[in-house]
Structures are given as C-alpha cells and as structure tokens.
Amino acid sequence: MQDLAYVPQEEIRRVLSLPIDRFVRARLFAAICRINTLYMISYAGSGHIGSSFSSLDIVSWLFLEEMENATGKYQDIYFSSKGHDAPGLYAALIGLGLLEFPLLHRLRRLGGLPGHPDIHTPYCHTNTGPLGMGISKAKGMLKARRLLGQPGRVFVLMGDGELQEGQVWESLVSAANDGLEALTVIVDHNKIQSDTWVKDVSDLGDLEAKFQAFGWGTACCSGHDFAGLQQALSKLKEASGKPGILLADTLKGRGVGFMEEGPQDGLYAYHSGAPSHEVYERALSELQDMLTSLVSEAGIPEIRWLTTQRPAIAPLQAPQKLVVAYSHALVSQAEKNPRLVALDADLVLDCGLIPFRKKFPDRFVECGIAEQDMASQAGGMALQGALPLVHSFACFLSTRPNEQIYN
C-alpha cells in the first residue's frame, strides 16, 4: 500500500500568516497547493493534473492579491470555464479556508467535491464542463450586477484549446460594445489540449491581434511569474471602457519536469487520470524539493506534511472494456467499408480511435473541441456518399450538436 502526502491546514495557515514578501508567499502557497492537488487526484483515483498545475499560479495570485475581499467575503467573482482544473481550484479554496479541510480527502466522492465545478460547492459560481460558455456567463453576471447596483469584477479562466468553440467568438463583440470593463478573461495558454498540441489540431494564430480586433484590451505575460501577472492585470484594469483578456503563457503540468515535456508520440499523458505509484513518487519528490527550496530562500521554518494510505482498489475479475472492444470493431468495419470515416473531438484516446488513426490516417478527421462543426462536417460527408462516425462524450454529442443533426 502506498503512502500519499499532503500539507495540513495548520501549516498552510502558518505560511499565509508569515510577514514575508507577497510574491514569496504566493509561490509558497502555489507549491503547497500542487502537493495537495496531486494528493487529491491520487487519493480519488481520478482527476486532471496537467490543467490544474498549469493554472495554479494564476488562481493563487487572484485569490491572494487581486480579488477584492471585503470583510472576509470575496466581492469579485472567479470561475474556470474549462473546468478540468477543478482539483487545483479546490486545493486553493481549501488552503484559504474557504472550503472545509476534510474535503481534501473527498474529491469525486459522494457528498464531497465533484470532478468538475458545480454550483452546490461554495465559491463555484457556475457549473462548467462543456466548453466555450464562460464569457457569455460572465457577461450575464455583470449585467445582473449592474441592474441590481452591485459592485465587483468577474475573472474567467479559459483554456486555449477551449478557444476552438464557436461560442467564445460569438461572445466577444457585445462585451466590447457594452463596455464591460469589469470583465477579465485569462487564457491558460499552455498550448496543449486534451490529446495533443493545440497548433496541430487548430492553430490559433495571433491571439492578441484577434482579441484586439474584437475591441478588447489585451495583455501578455508568463502565467508562472507573479510580478508579471500583477503588471499585466494592472494594465488591463487601466484600459478604461474595455473588457480585458490576459494571455498567460503556461506549462501544462507545471512544477513536475516530466509532466511539462508535452505530448509524446502525439498524446499528452497527464491530462486526466490518477498517476501510477511510480509516477506519483517521482512527481511528489519534485514538488517537495521545490517547496523545500522555496522555504530555504524565504528563510522560514520547514513545512511539515502528513501521509495517509492510498485507498485499496479491489481487482476486477476478467474485466470487459467497452472502449477496447469498440476500437477493434471500428477497425474491422473500416476494413470492410472504404466509405467509413471517423471524426474526433479531441478525445482520440478516450474514444479508442488511436488504432483507427494509425491504420487509416486518410479517413481520420481531428475536429478539435468543436462538436457542432464536427457534426456538420459529418452531415456534409454523408450527403456526398461517405459513412461518417462522430466521436465525443455522450454529454457533448447529445446536446450541442443536436441542431446540426436536426438540420
């Protein structure tokens, strides 16, 4: 049985109360949150490490220094539109005492913390999971606050792969026309979506120029440089009358060297799922070394951590795996029918499409995070005699593309 390590509540409180430089404090807090995020995902047996680690410095800085906190209650709103980074957000909220500490052990458990943000969790202002809706929701929040005479800003975190969703671009124009200067969108620009490099799926081009063309104020910085984050957010705040977009260059898996390396053989290994025993030990060692180094630089007493055992998982007897069976069946059918084409929405691993892509590369279409576009492409293929099969999670395919299919 493997021991899992986490930093306890009293140690986090001690660090946050120390009279140290705010940039040093933010680095220490983010490092602690990475250890606790790794713990949560490993204890749960499921979760998203890469996205949580890439955005944790941004989240830490917003909650510690940027967001207005009046009498212990945040006046400003923050939420993640991509949602995959929920474990990192939870670790930060728990570390700040905004969620009860025992929830650290309750990720993806009944009565605990859901795998994606849900409005029943304190400080999760909206459900997220299906992508591309964040700016639209934020516009609605700010317009309601204007109507009701309530102050405050709204910060929305988006993934760069998420920018493939059409609703993102629909939402930009009216935000600029309405002068929603209280809206700040931060793009976690780690350049990797679920499966692989964003540029290999749908190259985003010059993002800053695109957002400026829609009438938004823009700023760029490293999402891991706290001084840079402060300067960039200050620049956006000074752009009177405009909503702002911060393009924050980040590394997916930030803090763990081998997780920062990016996709290998066309697939990023640390987007989702719990790490193996070996991977956990390697990652924890790097994170603990980072924290120890930061503690030494800050000249503060050592931070202690606690351990608990990873929950035992009963082995399955002769498990039958649907995805593997489907993968074999799809290749078999494609061998018989040259009209069969497979379309994917950035879920090539989860949908079992890697063997098909390898054997029939000319009949595989990667559509990216754009389910409506995928469904309409498939419709066009069918009208011209092909036999298209579209692939994504059921919750995405049964809703958003429905109008495309109906039409």
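Ring orientation note: the planes of F396 and F393 are tilted relative to one another, at an angle of 30° to 60°. A perpendicular orientation is assigned to the rings of H271 and H48, their planes being inclined by more than 60° (bins at 30° and 60°).
Contact detail for P401 and A375: the closest heavy-atom pair is CB-CB, 3.5 Å. Across all their heavy atoms, P87 and S52 have their closest contact at CD-OG, 3.6 Å. Between L246 and C221 the shortest heavy-atom distance is CD1-SG, 3.8 Å. Contact detail for I12 and G95: the closest heavy-atom pair is CG2-O, 3.3 Å. Of all heavy-atom pairs spanning V187 and G159, the tightest one is CG1-C, 4.4 Å. Across all non-hydrogen atoms, the minimal contact from L343 to L353 is O-CD1, 4.5 Å.
A salt bridge is defined here as a Lys NZ or Arg NE, NH1 or NH2 lying under 4.0 Å from an Asp or Glu carboxylate O, and E10 with R304 meets this definition.
Ring centroid separation for the pair F23 and W61 comes in under the 6.0 Å cut-off. A centroid separation of 6.0 Å or more is found between the aromatic rings of F356 and H391. Checked against the 6.0 Å centroid threshold, Y78 and H125 do not count as a close aromatic pair.
Defined by atom type and a distance below 3.5 Å, a donor-acceptor pair is present between the side-chain atoms of Q377 and D373. Counting only N and O atoms by type, the side chains of K139 and S174 include a donor and acceptor under 3.5 Å apart.
Side chains of E335 and F360 form a contact here, defined as non-hydrogen atoms less than 4.5 Å apart. A heavy-atom distance below 4.5 Å is found between the side chains of Y268 and M259. Between T196 and V201, some side-chain heavy-atom pair lies under the 4.5 Å cut-off. The closest side-chain heavy-atom distance from K252 to Y270 is not below 4.5 Å. At a threshold of 4.5 Å between non-hydrogen side-chain atoms, the residues I41 and T37 count as touching. In this structure the side chain of P122 never reaches within 4.5 angstrom of the side chain of L98, judged on heavy atoms.
A distance-only check finds no donor-acceptor pair linking the side chain of T218 to the backbone of E208 [under 3.5 Å].
The structure places NZ of K191 at 7.5 Å from CG of L251, a figure rounded to the nearest 0.5 Å. Here L64 contributes atom CG and F29 contributes atom CZ; the two are 5.5 Å apart, rounded to the nearest 0.5 Å. In this structure, C367 SG and Q372 CD are separated by 12.5 Å, a value rounded to the nearest 0.5 Å.
A side chain to side chain contact (heavy atoms under 4.5 Å, CB included) with E11 holds for exactly one of R13, R14, Q9; it is R14.
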